[in-house]
Protein chains: 2
Amino acid sequence: MHTIGTLARRTGTKVQTIRYYEQIGLMPEPGRTEGGQRRYGDVDLDRLAFIRHSRQLGFPLEAIRELLDLSDHPARDCGAADSIARRQLREVETRIARLQALRSELERMIGECRGGTASECRVLEVLRDHSECLADDHDAID
Amino acid sequence: MHTIGTLARRTGTKVQTIRYYEQIGLMPEPGRTEGGQRRYGDVDLDRLAFIRHSRQLGFPLEAIRELLDLSDHPARDCGAADSIARRQLREVETRIARLQALRSELERMIGECRGGTASECRVLEVLRDHSECLADDHDAID
DNA sequence: CTTGAACCTATAGTTGCTGTAGCTCCTATC
DNA sequence: GATAGGAGCTACAGCAACTATAGGTTCAAG
Ligand SMILES: [Zn+2]
Ligand SMILES: [Zn+2]
Ligand SMILES: [Zn+2]
Ligand SMILES: [Zn+2]
């Protein structure tokens, strides 16, 4: 039996985060001591580790919910798991592409600035006027 | 004189977002009609465009606040603007590196799965056990 | 003068936590 | 058995940067 603090330490999670996962139904309601403190089993530890590892790979909680559900039903087809992972990969790829575009714009505007006053600053000029950019769009924010 | 809707349309911003910027002091309180509706001038349009463009380049609102302040004081030294931009560039580079690491892990786990049941799924196995990963850490989440 | 699109305020919800206040409990030491 | 203090408890506020909704008012065209 583990306390919530032990689970936290063993998985690198904050205690409040574990309670939050319980609140949103990602972690089960564990047993309690007479005094009302949570006590977890090894199954819970594994589940939390699964959640945390999935988060580290960038999966949103809703995706993790589905992945846990599949993991809880070993006889089901894994197609759903794979498609969630592929969706996540596409998401990551999109974000990389967008960030790479931002990186070049930032590099360029920083590289062009020769210092001096704010009125001469290329950084500020570019921010004022998107037509100074090479990209014709930097669509989605974040 | 422009309505809030015109500003929104011309800068690709939601009306509520403009009011939000006013609330947090990024946009000034504009004049109002007799009936209480906001009316903006061209200066306001430029300012909003500056904010939006900066957001598209990923600058957080607090950084934009400083950039606007510099832009409002043309005689100041532009060093601060440049260092904000360099900080943003470093941030973007960090995120790219992290996402590239995630991309390889995702590609690998997807590539290894041969289908079948959830119990045989490599995707789920990797999520259950980080030692299946090549990276020994995927530290920061998001 | 009427209609309806656009405006107004205020508040709650989003995602995934994190921090705080003000308690109570558990356990080690004496 | 008493006590101290680390760990646990609930409940709620806050973060970033919006977005959405409800329920009302104003503006401008016809
Ligand atoms: Zn400069
Ligand atoms: Zn641009
Ligand atoms: Zn699979
Ligand atoms: Zn891993």
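Throughout, protein chains are lettered first and strands after them, A, B, ... in sequence-line order, and every chain is numbered starting at 1.
A pairwise comparison of heavy atoms in A/Val123 and B/Ala85 identifies CG1-CB, 4.1 Å as the closest pair. Smallest separation of non-hydrogen atoms from B/Leu102 and B/His138: CD2-CB, 4.3 Å. The minimum heavy-atom distance between A/Arg103 and B/Leu89, with the atom names listed, is CG-CD1, 3.7 Å. Closest of all the heavy-atom pairs between B/Ala8 and B/Val15 is CB-CG2, 3.8 Å.
Taking atom NE2 on B/His2 and atom C1' on D/dC27, their separation rounds to 18 Å, with Å as the unit. Rounded to whole Å, atom P of C/dA6 lies 13 Å from atom CZ of B/Arg19. A straight line from CE of A/Met1 to P of C/dC26 spans 15 Å, rounded to a whole angstrom. Atom CD1 of A/Ile18 is separated from atom C1' of C/dT18 by 14 Å (rounded to the nearest Å). At whole-Å resolution of the value, CD1 in B/Ile51 and P in D/dA16 are 16 Å apart. Rounded to whole angstrom, the span from the CD1 atom of A/Ile64 across to the C1' atom of C/dC17 amounts to 13 Å. For the pair A/Gln56 CD and C/dC17 P, the interatomic distance rounds to 11 Å; values are reported in whole Å. The nearest whole Å value for the distance from the CG atom in A/Leu7 to the C1' atom in D/dC9 is 16 Å.
Which of D/dC9, C/dG16, D/dC18 sits closest to the side chain of A/Ile4 comes down to D/dC9. Across D/dA17, C/dG16, C/dT20, the shortest atom-to-atom separation from the side chain of A/Gln16 is found for C/dT20.
Side-chain contact between B/Cys133 and B/Val126: present, with at least one pair of heavy atoms (C-beta onward) separated by less than 4.5 Å.
Using a 4.0 Å heavy-atom criterion, one finds that A/Ile24 contacts no nucleic acid atom at all. Using a 4.0 Å heavy-atom cutoff across all strands shown, B/Phe59 reaches no nucleic acid atom at all.
For C/dG16, neither phosphate oxygen OP1 nor OP2 lies less than 4.0 angstrom from any side-chain nitrogen or oxygen of A/Lys14. For A/Tyr21 and C/dC17, the shortest distance from a side-chain N or O to OP1 or OP2 is below 4.0 Å.
Residues A/Arg128 and B/Ser71 bring a donor and an acceptor atom of their side chains to less than 3.5 Å of each other.
Toward the 5' end of DNA chain C, the nearer of the two residues B/Thr3 and A/Tyr20, judged by each one's closest nucleotide, is B/Thr3.
Contacts of A/His2 classified as ring-ring contact (aromatic ring centres under 6.0 Å, His included), with partners at least two apart in sequence or in another chain: none.
Proximity of residues 32-46 of chain A to DNA chain C (heavy atom under 4.0 angstrom from any strand atom) is restricted to A/Thr33, A/Gly35, A/Gln37.
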